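Report on the following structure.
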Amino acid sequence: MAAIKQRYTFIVPNNFRDTPDSLRLSAERLELEAVPGTRQDRIIVSRPLVKEQNILDSVEDIRIEIGSRDNYAHVSPFDRTIQWGTHVTVVPQNGFNWDSFCNFVRSAVNPRIPCIGQASFIKLPYGYYLYSTSVATDTLISYIDSTYPAISATDDSEDIPLGDLSELKTANSISISFSRSEETARKLKGRLVVEVYWYYGHWTKTINPGLDSNNHKVEVGLLGKLSDDPDGDMTFGGILAVVGDNSQFVPTLFDFQPRHRGLKAPAIYSPDFRLPYGLHPKHITNVYGDLHVPRVKSRNQVEDPKTGEFEITDVPATCGLYGFYILPNFIFVDKYQISDLADAQAGGVKRVVGIWGETDLEIPVWMVDKWGSTMLLELITPSEAELELPVQAAEIEIPMHSRYEVPDWNTTAVIHDMPWPSIFWACNGSDETSMLSGPFDSNSLGHEKYFAPGTSFHYLLPNMTLSTPDNHTELVTKLSIPVVPLESYKYVQPWTVIFILLGCVWITYKVICGYIRDGGIRKRNEGVAPASKALAEQKKQEPKSE
């Protein structure tokens with residue numbers, strides 16, 4: 001494999017026809033003119049060329065993802081959902097330096113990310129996780145521009161560019177990953193992978209060949225989905241070209257089993273907080289559509305006792321509906337309260353897979369050490385009777401609690417943004433080997449790490465109009481948390497002191513009055529025998545019955 005491999009993938013409509021006006025390929029370059037469709041850019045850099053060697057030497061996995069606030073479509077084969085915000089996940093090994101890693105995150109990704117060492121991360125079953133609502137990409141673009149000039153070169157420079165970095169500002173998601181894990185595809189293992197996704201556009205650009213035909217490949221594919229078997233493979237067809245090597249496109253047809261995919265019969269969900277909010281808001285997620293379990297087959301190997309050979313048979317896979325929540329530090333859940341819901345099979349909660357992070361019930365927001373918490377729940381699916389209806393519906397109601405906020409001037413409420421949860425089916429028993437051989441499989445860290453390697457994920461769609469340049473819709477739920485306005489403190493504090501003093505005076509007065517009325521506690525008790533002793537004397541004086 002080349003030391004640097006750049007791949008441009010365009011998922012174009014089935015009615016798209018490449019013409020000399022839209023695609024002009026030569027030995028020197030490829031020119032695209034208003035090509036419609038979804039786009040993903042992927043850069044794979046071999047280990048010796050990666051500048052961050054000191055970090056990579058002591059980790060098993062790193063993944064940094066930035067997801068846009070906008071509600072954008074996930075077009076197959078890029079169905080994996082990324083919730084709004086910046087996600088930093090790391091699986092460290094012995095000798096890992098947290099300070100160096102946080103310096104890298106702040107200097108190369110975003111200086112507003114609150115990374116000050118291991119204390120900033122929450123501990124998960126598979127590693128450590130940091131979340132931030134800041135999604136600015138200027139620092140990341142500047143870092144790539146200065147650290148990897150061959151990637152960011154302009155047309156006027158001596159290097160041949162891999163891409164125009166200014167386009168990153170309009171991307172819907174960006175991810176950087178590095179993995180040594182055995183679960184990683186062989187072509188990605190031990191390499192730095194950068195992936196950038198735009199859900200739609202009309203692409204006009206010039207793509208130049210790599211710096212070295214042997215060690216630097218630039219590949220372009222224009223593909224369309226031909227079939228999607230929910231039981232297994234997805235088939236794509238189209239044209240490919242290696243810029244600088246091919247003077248014309250090569251037809252291609254391939255199928256693969258994706259790890260992440262949409263539902264054949266779509267279902268949608270819409271979350272919000274139930275009014276009134278207060279300090280103990282209820283988070284409601286309404287789900288509508290076809291909620292039948294996905295038709296997924298599991299491949300089962302059975303050994304023939306006579307021949308010793310293995311026979312592969314297809315059996316229905318076991319699927320469950322799940323909700324993955326990210327809770328910033330202004331809000332939290334009581335893990336015992338959520339467990340009670342699961343025990344009672346109430347609120348749409350079937351099982352608590354786990355709650356990780358800050359769950360302290362008492363501390364205010366300014367004393368929370370970490371960024372917040374995450375929660376993975378298995379949800380209750382409709383009954384057989386409900387599944388017979390044309391459209392099914394379900395409601396998930398999660399009791400949450402907001403933390404006491406820092407008082408502010410001229411306001412009685414603070415508005416916070418919470419990312420929408422991710423709702424998906426997880427089906428076990430898929431062929432892990434087939435998934436790893438797919439051309440679009442990622443070094444994924446996230447909710448999928450809570451499941452077995454052979455699990456496939458089928459995502460429900462957020463119920464909002466897709467964002468356009470003229471109409472921005474966002475995958476964010478707003479929560480209003482009441483606070484005390486600072487200007488009221490000049491009245492609250494003195495009156496609080498006055499009432500406390502009045503209360504003390506009243507209590508003292510009542511104690512003194514009681515003391516005087518009874519003639520003094522000690523004097524009143526003098527010469528008075530204890531009750532038990534008086535009763536004994538009384539019994540002695542009573543005549544005995546015959």
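Quick caveat: nothing in here was measured; it's all calculated off a predicted structure.
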Measure the acute angle between the ring planes of [X] and [Y], then classify it against the limits of 30° and 60° as parallel, tilted or perpendicular.
X: Tyr129; Y: Tyr131; value: tilted
X: Phe236; Y: Phe256; value: parallel
X: Trp356; Y: Tyr450; value: parallel
X: Trp420; Y: Tyr269; value: tilted

Discussion item. Please evaluate residues His202 and Thr204 with respect to the criterion side-chain hydrogen bond (donor to acceptor under 3.5 Å, both in side chains), reporting the C-alpha separation (whole Å), side-chain torsions for both, the decisive distance (0.1 Å), and the verdict.
Written reply: CA-CA 7 Å; His202 286 78; Thr204 298; over 6 Å; no

Side-chain contact, heavy-atom cut-off 4.5 Å: [X] with [Y]?
X: Trp98; Y: Val90; value: yes
X: Trp425; Y: Leu263; value: yes
X: Ile268; Y: Leu460; value: no
X: Val109; Y: Val88; value: no
X: Leu222; Y: Thr9; value: no
X: Tyr128; Y: Pro92; value: yes
X: Asn428; Y: Phe451; value: no
X: Val75; Y: Tyr197; value: yes

Does the pair [X]/[Y] count as a salt bridge with the N-to-O cut at 4.0 Å?
X: Glu60; Y: Arg180; answer: no
X: Glu195; Y: Arg7; answer: no
X: Arg63; Y: Asp61; answer: no
X: Glu31; Y: Lys205; answer: no
X: Arg47; Y: Asp57; answer: yes
X: Arg69; Y: Asp417; answer: yes

Discussion item. Is it true that His87 and Thr89 share a donor-acceptor pair across their side chains at a distance under 3.5 Å?
Written reply: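 Checked: Thr89/His87 side chains show no N/O donor-acceptor pair below 3.5 Å.
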
Rounded to the nearest 0.5 Å, what's the gap from [atom1] on [X] to [atom2] on [Y]? Could you check?
X: Ile43; Y: Leu192; atom1: CD1; atom2: CG; value: 9.0 Å
X: Leu475; Y: Met418; atom1: CG; atom2: CE; value: 12.5 Å
X: Leu140; Y: Lys169; atom1: CG; atom2: NZ; value: 12.0 Å
X: Cys427; Y: Leu321; atom1: SG; atom2: CG; value: 10.0 Å
X: Lys478; Y: Ile415; atom1: NZ; atom2: CD1; value: 7.5 Å
X: Asn172; Y: Ile82; atom1: CG; atom2: CD1; value: 9.5 Å

Item to complete: Starting from the C-alpha separation in whole Å, work towards a yes-or-no answer on side-chain contact (heavy atoms from CB on, under 4.5 Å) for Asp70 and Trp84.
Response: CA-CA 8 Å; Asp70 291 342; Trp84 162 62; over 6 Å; no

Practice prompt. List the steps, then state whether side-chain hydrogen bond (donor to acceptor under 3.5 Å, both in side chains) holds for Asn110 with Ser134.
Written response: CA-CA 8 Å; Asn110 189 336; Ser134 178; 2.8 Å; yes

Distance-minimising heavy-atom pair for [X] and [Y]:
X: His74; Y: Arg80; result: ND1-O, 3.2 Å
X: Pro77; Y: Phe440; result: CG-CD1, 3.4 Å
X: Ser22; Y: Val35; result: O-CG2, 3.8 Å
X: Leu461; Y: Pro266; result: CD1-CB, 4.2 Å
X: Trp366; Y: Glu405; result: CZ3-O, 3.4 Å
X: Gly446; Y: Tyr126; result: O-OH, 3.5 Å

Item to complete: Give the intermediate values and the outcome of ring-ring contact (aromatic ring centres under 6.0 Å, His included) for residues Phe457 and Tyr322.
Response: CA-CA 10 Å; Phe457 301 90; Tyr322 292 84; 8.6 Å; no

Checking the side chain of [X] only, and the main-chain atoms of [Y] only, is there a donor and an acceptor separated by less than 3.5 Å?
X: Thr170; Y: Glu167; value: yes
X: Thr133; Y: Gly85; value: no
X: Asn97; Y: Ser100; value: yes
X: Ser46; Y: Ala3; value: yes

If you count the non-hydrogen atoms of other residues, nucleotides and ligands that lie under 6.0 Å from [atom1] in [X], is the total more than 12?
X: Phe16; atom1: CZ; answer: yes
X: Ile116; atom1: CD1; answer: no
X: Gln248; atom1: CD; answer: no
X: Arg112; atom1: CZ; answer: no

Discussion item. Apply ring-ring contact (aromatic ring centres under 6.0 Å, His included) to residues His260 and Phe424 and explain how you reach the verdict.
Written reply: CA-CA 10 Å; His260 305 276; Phe424 57 89; 9.0 Å; no

Item to complete: Output, in order, the C-alpha distance, side-chain angles, deciding distance and verdict of side-chain hydrogen bond (donor to acceptor under 3.5 Å, both in side chains) for Ser422 and Thr81.
Response: CA-CA 7 Å; Ser422 179; Thr81 61; 3.1 Å; yes

Item to complete: Show your reasoning for whether side-chain contact (heavy atoms from CB on, under 4.5 Å) applies to Arg24 and Leu30.
Response: CA-CA 6 Å; Arg24 295 185 291 274; Leu30 168 64; 5.9 Å; no

Discussion item. Less than 6.0 angstrom from the centroid, inside 45 degrees of the normal: does Arg403 satisfy that with respect to the ring of Phe332?
Written reply: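 So Arg403 does make the cation-pi contact.
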
Discussion item. Is the terminal nitrogen or CZ of Lys370 (NZ for Lys, CZ for Arg) located under 6.0 angstrom from the six-membered ring centre of Phe121 and within 45° of that ring's axis?
Written reply: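 Because its charged atom misses either the 6.0 Å distance or the 45° angle limit, Lys370 does not stack over Phe121.
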
Item to complete: Test ring-ring contact (aromatic ring centres under 6.0 Å, His included) on Tyr200 and Trp198 and set out the steps.
Response: CA-CA 6 Å; Tyr200 193 76; Trp198 296 263; over 10 Å; no

Item to complete: May I have the step-by-step check of side-chain contact (heavy atoms from CB on, under 4.5 Å) for Val243 and Val220, ending in yes or no?
Response: CA-CA 7 Å; Val243 182; Val220 179; 3.8 Å; yes

Worksheet item: Between Leu32 and Ile207, is a side-chain contact (heavy atoms from CB on, under 4.5 Å) present by the stated rule, with each step listed?
Response: CA-CA 8 Å; Leu32 287 77; Ile207 301 176; 3.9 Å; yes

Fill in: Pair Asp79-Ser76, side-chain hydrogen bond (donor to acceptor under 3.5 Å, both in side chains): steps then yes or no
CA-CA 5 Å; Asp79 289 299; Ser76 296; 2.8 Å; yes

